[in-house]
Amino acid sequence: MPLSWNEIRARAARFADEWKDAHYEKGETQTFYNEFFEIFGNRRRNVAVYEEKVKKLNDKQGFIDLFWPSYLLIEQKSAGRDLAKARAQATDYFVSLTEKEKPRYILLSDFQTFELLDLEENEEHHFTLAELADNVRHFGFIAGYQQQKYRDQDPANIEASELMSNLHKHLEESGYTGHDLERLLVRIMFCLFAEDTGIFPMESFLRLIEDRTEKDGSDLGSWLIHLFQVLNTPDNKRQNNLDEDLAAFPYVNGNLFADAINIPSFDTDMREALLKCAYFNWTKVSPALFGSLFQTVMLPAEQRQGGAHYTSEKNILKIIHPLFLDELREEFEHIKTLKVGKQQRFEQLHEKLASLTFFDPACGCGNFLILAMRELRELELDILNELYPAKNRQTVLDIGSLTKISVDQFYGVEIEEFPARIAESAMWLVDHQMNMRLSESFGQAYVRLPLTESAHIYHGNALTTDWADVLPPEKCSYILGNPPFVGSKYMTPLQRKELLAIFNDVKGAGILDYVSAWYGKAAQYIQNTNIKCALVSTNSITQGEQVSVLWGTLLQQYGIKIHFAHRTFKWTIDEKKAKGMRIAAVYVVIVGFAAQDTDKKYLYEYETLTSDPHKIKVANINPYLVDGSDLVVSARSKVLCDVPEIGIGNKPIDGGYYLFTPEEKEDFLSKEPEAKPYFKRWIGTNELLYNQERWCLWLGSVEPSKLRSMPLSKERIEQVRKYRLGQIPAKGKPDTEKNKKRNEQTQKLADTPTRFHVENMPEGNSLIIPEVSSENRKYIPMGFEGAASLCSNLVKMMPDATLYHFGILSSEMHMDWMRYTCGRLEGRYRYSKDIVYNNFPWPEASEKDREEVTAKAQAVLDARAQFSDSTLADLYDPNTMPPALLKAHQALDKAVDKAYRKAAFKDEKERIEFLFERYRKLTEPLIQPEKKKRGKK
């Protein structure tokens with residue numbers, strides 16, 4: 001596995017520091033780059049050659065300072081020399097190389113400055129030796145990372161979407177709504193595309209609106225309906241006295257204009273809104289706009305309930321490339337290198353493309369299918385360019401017969417009718433756009449009209465529809481899509497019923513997010529086939545308790561294997577480009593899987609949540625999206641290792657009547673000083689991390705005779721009793737029926753109003769772990785509390801914990817385990833007892849190791865004590881963490897690592913792979929039960 005980026009940066013910083021005062025001469029090149037390659041933790045330099053001899057175009061000999069064929073060419077100069085000469089030399093060498101040898105990167109340097117040229121992306125990066133650590137990501141290819149770049153969303157799509165949203169708004173406000181509005185918008189959008197892309201005569205739609213309709217818009221609706229009827233009528237069935245402007249429009253067919261809709265009434269502003277749409281140049285717009293358009297005009301409530309999120313081209317390509325396009329492109333590039341049989345192999349590849357089928361079982365407006373179609377057609381065009389070189393194209397009489405890829409290779413299911421119809425239209429339009437590309441390439445005009453084929457977009461519920469009725473599994477090649485993002489707690493009763501129907505015999509299925517239903521249904525559908533799937537999901541399905549339920553079922557019951565995965569990244573676009581569109585930012589993963597295994601597995605790692613990913617080949621991908629064995633960490637009621645149990649703190653269910661701010665406590669005691677011994681400091685997550693002060697009045701152990709003389713305390717007891725019975729709301733809440741609703745269990749607690757629902761009050765010191773902590777912190781802040789405090793149920797407690805326990809749990813080793821196995825609250829870590837703590841594989845530490853960890857743990861507490869005015873939140877904020885505390889934690893990390901094994905761990909990946917393997921060994925039976933031998937009859 002490649003080194004982590006943190007380790008690479010650290011090595012780069014050390015390298016820069018060691019070379020900053022070195023003797024920079026050309027003769028030092030080999031030593032310099034030997035050490036430079038070591039930054040990236042491998043021996044890549046062994047495949048690179050120093051002073052590589054090359055014959056230049058002028059037949060003179062030259063020497064490349066360092067050459068790694070196909071990857072990197074380095075031209076080095078002595079310190080202070082002009083790199084322009086180095087660039088000229090490198091260019092001279094580059095053009096002299098064979099196509100196979102030509103590298104993607106050229107590096108120019110004088111030891112003090114660097115210029116890295118990325119010839120594929122046409123990018124240049126300039127920086128100094130001192131800035132090397134901040135620029136190492138550009139050299140990821142040396143470490144084994146392959147950076148993947150995807151196209152950003154075109155701003156033209158955003159502008160077009162705004163124009164259509166404005167028209168939609170005007171029509172809706174006028175009272176033209178529902179099915180008629182949806183059909184009208186789809187038809188108008190088709191006409192706008194058709195006019196600008198050659199399906200209709202140039203400006204025919206614009207001229208019809210601008211020249212033939214009244215400026216007040218009074219007759220515009222009638223003209224549109226008349227036009228739609230014409231577009232649905234074959235030429236030989238049209239009236240011979242039809243208006244000549246209408247007669248100029250071609251017959252479209254495809255059922256797009258078949259259904260009758262009510263005539264819309266327009267006014268001046270509405271006509272102007274439509275004209276603005278017509279003035280726009282729609283050739284710049286991707287048909288994938290149809291999806292984004294629909295989502296921009298959705299109401300926010302519908303968007304939340306449906307789980308829909310805006311999807312950019314850039315993110316869709318992250319699925320399409322590894323699912324099928326990369327493999328097809330590799331095959332295409334390989335055929336280009338063949339000396340014999342190239343023509344036949346290209347024809348076979350072309351037939352292969354025509355045989356593929358694609359299914360999106362939550363297709364929305366068809367964005368995934370649209371881009372899959374476009375990318376497939378682009379590859380087809382490249383194949384056709386190889387099969388028919390420019391000099392031979394005069395023999396091609398009908399370019400329409402060349403293309404074999406059709407919209408009817410694409411299938412989808414969508415629950416809403418409007419986006420389903422948009423998807424159908426958009427597929428025709430992307431097909432037409434690619435026909436235009438074909439026309440340009442071969443110099444012939446080609447329009448596929450009338451429409452005789454269409455994408456198979458079914459209007460229905462994907463979870464209650466039999467997918468085999470949409471597309472028989474034996475005819476399906478790929479499943480892809482972006483199912484709804486609805487968390488388990490936010491599902492409607494109907495959505496939960498649909499989910500449980502798919503996982504009807506799976507224990508614990510009620511905790512699964514809605515998207516899990518698509519994984520389950522896909523797993524059932526692809527059994528005994530070669531279908532490959534890739535779905536976008538919230539990252540919660542690869543974290544915490546959902547993993548064992550979902551992936552335990554997929555692995556064990558359906559034999560699913562993960563082929564590729566994008567680890568967590570932010571699924572959104574640039575908000576400035578969005579210009580007010582409702583763009584939802586969520587944290588997602590992409591999982592590519594099948595019911596058979598493969599030896600080509602790839603993880604896509606993200607340096608930050610918004611950066612481009614790096615592609616890494618791995619041996620296996622487990623459900624936590626880690627290179628490791630297929631295992632799941634299931635909820636466990638008892639600890640896996642011989643360590644103390646942990647539990648939650650106290651859960652009063654008191655409506656807040658036993659809890660006090662410092663001011664409330666002071667006022668209470670001024671009136672009833674006898675209650676002072678019964679006040680205890682209340683510690684929850686905020687109190688622990690931010691030093692917030694709250695107090696709890698604990699009356700559970702007070703003798704009745706003493707309570708008799710404490711009327712204010714008795715009043716609080718009565719308030720708690722009434723709260724639990726549902727007679728009064730919680731403290732500070734309005735007196736409504738909703739705020740007074742209680743379940744049966746809470747009402748039973750009214751019988752013992754001085755006691756808590758959960759009581760956890762150890763006599764000694766306890767280690768306190770916040771249940772929720774920021775994902776920005778490297779370490780979860782933990783602390784000790786004594787018997788004078790009461791902890792809330794928002795923290796976890798380990799009674800009688802030692803410094804050794806604190807040290808292990810505060811270490812980077814435990815933090816790595818926590819990050820992979822915990823659940824999330826939004827992006828924040830949610831520490832759990834049954835998943836994270838009880839399953840954690842503790843080290844088999846020697847007494848010496850235990851003493852070392854204990855000493856380093858004390859050093860962490862001592863470092864904290866130096867900053868007594870700072871809260872734990874301040875001390876563990878990555879931007880304000882004191883160096884002394886960070887250094888103490890790093891020393892503790894080393895001690896804990898050593899307790900696990902003598903060899904140091906390089907990075908997080910190595911730790912988590914080690915922990916998962918140790919967990920596997922601890923949970924496997926030590927001795928397999930012997931099979932009983934059958935006796936002889």
Side-chain angles (χ1 to χ4, degrees), residues 544-545 547-548 622 624 626 628-629 631-648 762 765-771 773 778-784 795-822 829 831-861 889-905 907-926:
E545 58 187 351
V547 175
S548 62
N622 72 19
Y624 298 92
V626 171
S629 303
L631 56 79
V632 293
V633 179
S634 303
R636 176 185 297 272
S637 60
K638 298 294 183 180
V639 289
L640 177 63
C641 300
D642 185 16
V643 291
E645 301 275 355
I646 68 168
I648 64 170
N765 285 340
S766 298
L767 179 62
I768 310 302
I769 308 168
E771 189 172 90
S773 183
K778 185 174 183 180
Y779 305 95
I780 292 180
M782 304 179 188
F784 286 95
V795 297
K796 298 291 187 287
M797 300 176 61
M798 180 191 286
D800 301 318
T802 66
L803 282 170
Y804 174 72
H805 299 130
F806 168 74
I808 297 293
L809 296 182
S810 297
S811 69
E812 193 168 17
M813 185 71 79
H814 186 63
M815 293 300 112
D816 288 343
W817 175 263
M818 177 276 301
R819 274 186 278 271
Y820 279 85
T821 59
C822 76
Y829 303 132
Y831 195 96
S832 68
K833 172 179 76 76
D834 292 349
I835 296 286
V836 179
Y837 180 79
N838 285 355
N839 284 295
F840 179 59
W842 288 67
E844 294 177 349
S846 66
E847 190 59 35
K848 183 180 179 181
D849 289 332
R850 284 174 169 268
E851 291 173 358
E852 183 69 10
V853 170
T854 298
K856 300 304 181 185
Q858 182 61 57
V860 168
L861 296 179
H889 263 287
Q890 289 170 341
L892 174 61
D893 293 337
K894 289 181 180 178
V896 173
D897 285 358
K898 190 178 177 183
Y900 279 92
R901 73 179 192 192
K902 291 182 179 180
F905 293 92
D907 51 29
E908 174 188 305
K909 289 193 194 74
E910 198 167 294
R911 283 192 186 88
I912 199 65
E913 288 166 11
F914 176 89
L915 287 172
F916 275 130
E917 181 61 18
R918 176 157 169 72
Y919 172 82
R920 183 186 66 79
K921 291 177 179 178
L922 287 171
T923 53
E924 283 183 347
L926 294 178

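Fair warning: this is a prediction, and the values are worked out from it, not measured in the lab.
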Please identify each residue that fulfils side-chain hydrogen bond (donor to acceptor under 3.5 Å, both in side chains) with Glu851, with sequence neighbours left out.
none

Restricting to side chain to side chain contact (heavy atoms under 4.5 Å, CB included), what partner residues turn up for Gln858, sequence neighbours left out?
Leu803, Leu861, Asp862

How would you list, by chain and number, every residue that makes a side chain to side chain contact (heavy atoms under 4.5 Å, CB included) with Lys833, sequence neighbours excluded?
Ile646, Lys796, Asn838

Contacts of Glu910 meeting side chain to side chain contact (heavy atoms under 4.5 Å, CB included) (sequence neighbours excluded), chain-then-number -> Arg901, Phe905, Lys906, Asp907

Is the shortest side-chain N to carboxylate O distance from Glu852 to Lys856 below 4.0 Å?
yes

For Trp817 and Phe916, take the angle between the two ring planes, folded into 0 to 90°, and tell me which bin it lands in: parallel under 30, tilted 30 to 60, perpendicular over 60.
tilted

When you look at CD of Glu844, are more than 12 heavy atoms from neighbouring residues, nucleotides or ligands closer to it than 6.0 Å?
no

Who passes side chain to side chain contact (heavy atoms under 4.5 Å, CB included) against Leu640, sequence neighbours left out?
Arg636, Tyr919, Leu922, Thr923

Can you list the residues that meet the ring pair (Phe, Tyr, Trp, His ring centres under 6.0 Å) rule with Tyr779, with sequence neighbours excluded?
His889

With sequence neighbours left out, the residues meeting side-chain hydrogen bond (donor to acceptor under 3.5 Å, both in side chains) with Arg920 are Glu917, Glu924

For Ser634, the side-chain hydrogen bond (donor to acceptor under 3.5 Å, both in side chains) test, sequence neighbours excluded, returns none

Contacts of Tyr820 that satisfy side-chain hydrogen bond (donor to acceptor under 3.5 Å, both in side chains) - sequence neighbours left out
Arg567, Glu908

Worked check of side chain to side chain contact (heavy atoms under 4.5 Å, CB included) between Val896 and Glu812
CA-CA 8 Å; Val896 173; Glu812 193 168 17; over 6 Å; no

Start with the C-alpha gap between Phe840 and Val836, add the side-chain angles, then the distance that decides, and say whether side chain to side chain contact (heavy atoms under 4.5 Å, CB included) holds.
CA-CA 6 Å; Phe840 179 59; Val836 179; 6.0 Å; no

For Lys894, give me all partners under salt bridge (Lys or Arg N to Asp or Glu O under 4.0 Å), at least two apart in sequence or on another chain.
none

List for me each residue that meets salt bridge (Lys or Arg N to Asp or Glu O under 4.0 Å) alongside Arg819, sequence neighbours excluded, and say none if there are none.
Asp816

Salt bridge (charged side-chain N to carboxylate O under 4.0 Å, His left out): pairs with one or both residues in residues 799-808, sequence neighbours excluded:
none

